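Everything below concerns the one structure shown next.
None of these values were measured; they are calculated from a predicted model.
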Amino acid sequence: MDVGEAMIVAGIGCRKNVAADAVLAAIDRALEDHGRSRQDLSALATGSIKKDEMAIAATAERLRLPLVLVEQAELETPRTITHSPKAVAATGVGSLSEAAALSAAGPESRLLGPRIILNDVACAIATSGDAS
């Protein structure tokens, strides 16, 4: 991806050991809620804390998309819409999915709406550039 290129990023947060099908279902639901499809996605993103979560990596591979692992310091953004005490306890941020999507999509990115949660997986969609 070129710097400055318009992007649509699905940020993912999940409980440990979820199934890849659950990750994919959450992505599909979030995309559908915003009138988008899998073909619109530029990347998946999650926090580096989830680097060993095989379902997220498997889903990125299945969709043939890059997986952006966002470092903790980059996740700490005030731009998230939701704030979950459980998420803060587990990941250090109010919404891992929202923060990862925003960070991966770039400094001028914005969320299309709050994250959705489906089957222990949270997914948020962020856009940047002309991908509004």
Side-chain angles (χ1 to χ4, degrees):
M1 286 174 278
D2 294 328
V3 175
E5 178 181 334
M7 296 179 65
I8 298 178
V9 178
I12 308 296
C14 64
R15 292 198 183 183
K16 289 183 181 187
N17 301 316
V18 297
D21 285 344
V23 174
L24 190 59
I27 292 169
D28 285 342
R29 169 73 60 80
L31 288 167
E32 181 182 316
D33 286 358
H34 299 296
R36 303 289 183 159
S37 70
R38 291 179 187 177
Q39 292 74 29
D40 295 329
L41 287 175
S42 307
L44 301 186
T46 193
S48 59
I49 192 171
K50 296 289 184 182
K51 69 181 182 297
D52 296 326
E53 201 59 56
M54 303 309 333
I56 298 172
T59 301
E61 187 174 308
R62 181 172 174 183
L63 295 175
R64 295 188 172 110
L65 291 170
L67 175 59
V68 179
L69 295 175
V70 181
E71 293 301 321
Q72 188 67 29
E74 296 176 49
L75 292 172
E76 296 168 1
T77 171
R79 298 187 300 141
T80 59
I81 295 172
T82 58
H83 182 88
S84 161
K86 285 183 181 180
V88 171
T91 66
V93 294
S95 172
L96 178 64
S97 59
E98 291 178 8
L102 286 165
S103 180
E108 300 299 318
S109 62
R110 65 178 179 83
L111 292 167
L112 293 183
R115 68 182 182 198
I116 64 96
I117 300 174
L118 180 67
N119 300 322
D120 295 327
V121 178
C123 181
I125 308 296
T127 66
S128 68
D130 294 329
S132 51

Would Asn119 and Val18 count as a side chain to side chain contact (heavy atoms under 4.5 Å, CB included) here? Give the steps. CA-CA 8 Å; Asn119 300 322; Val18 297; over 6 Å; no

Nearest 0.5 angstrom please: [X] [atom1] to [Y] [atom2], how far?
X: Asn17; Y: Glu53; atom1: CG; atom2: CD; result: 5.5 Å
X: Ser97; Y: Leu102; atom1: OG; atom2: CG; result: 9.5 Å
X: Gln39; Y: Leu31; atom1: CD; atom2: CG; result: 9.5 Å
X: Leu24; Y: Leu44; atom1: CG; atom2: CG; result: 9.5 Å
X: Asp120; Y: Arg15; atom1: CG; atom2: CZ; result: 4.5 Å
X: Leu96; Y: Ile12; atom1: CG; atom2: CD1; result: 9.5 Å

With heavy-atom distances below 4.5 Å as the criterion, would you say the side chains of Ser128 and Glu108 are in contact?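 Answer no - side chains too far apart.
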
With the side chain counted from C-beta on, respond yes when Gln72 and Val93 share a heavy-atom pair under 4.5 Å apart, and no when they do not.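 Yes, their side chains come closer than 4.5 Å.
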
Looking only at heavy atoms, what is the nearest atom pair of [X] and [Y], with distance?
X: Gly47; Y: Leu75; value: CA-CD1, 3.9 Å
X: Ser103; Y: Glu74; value: OG-OE1, 3.4 Å
X: Ala101; Y: Ala124; value: CB-O, 3.7 Å
X: Cys123; Y: Ala26; value: CB-O, 3.8 Å
X: Val9; Y: Leu41; value: C-CD2, 4.2 Å

For [X] and [Y], indicate whether the former's side chain and the latter's backbone hold a donor-acceptor pair under 3.5 Å.
X: Glu32; Y: Ser37; value: no
X: Thr80; Y: Glu98; value: no
X: Thr127; Y: Ile8; value: no

If we ignore angles and hydrogens, is there a donor and acceptor under 3.5 Å between the side chains of Arg79 and Ser109?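 Arg79 vs Ser109: donor-acceptor pair found between side chains.
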
Identify every side-chain donor-acceptor pair in residues 57-70 under 3.5 Å, counting partners at least two apart or on other chains, and give the distances.
unit_1: Thr59; atom_1: OG1; unit_2: Ala20; atom_2: O; d: 3.4
unit_1: Thr59; atom_1: OG1; unit_2: Ala55; atom_2: O; d: 2.7
unit_1: Arg62; atom_1: NH1; unit_2: Asp21; atom_2: OD1; d: 3.1

side-chain hydrogen bond (donor to acceptor under 3.5 Å, both in side chains) partners of Asp28, counting only residues at least two apart: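 With neighbours one apart ignored, the set is Arg38.
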
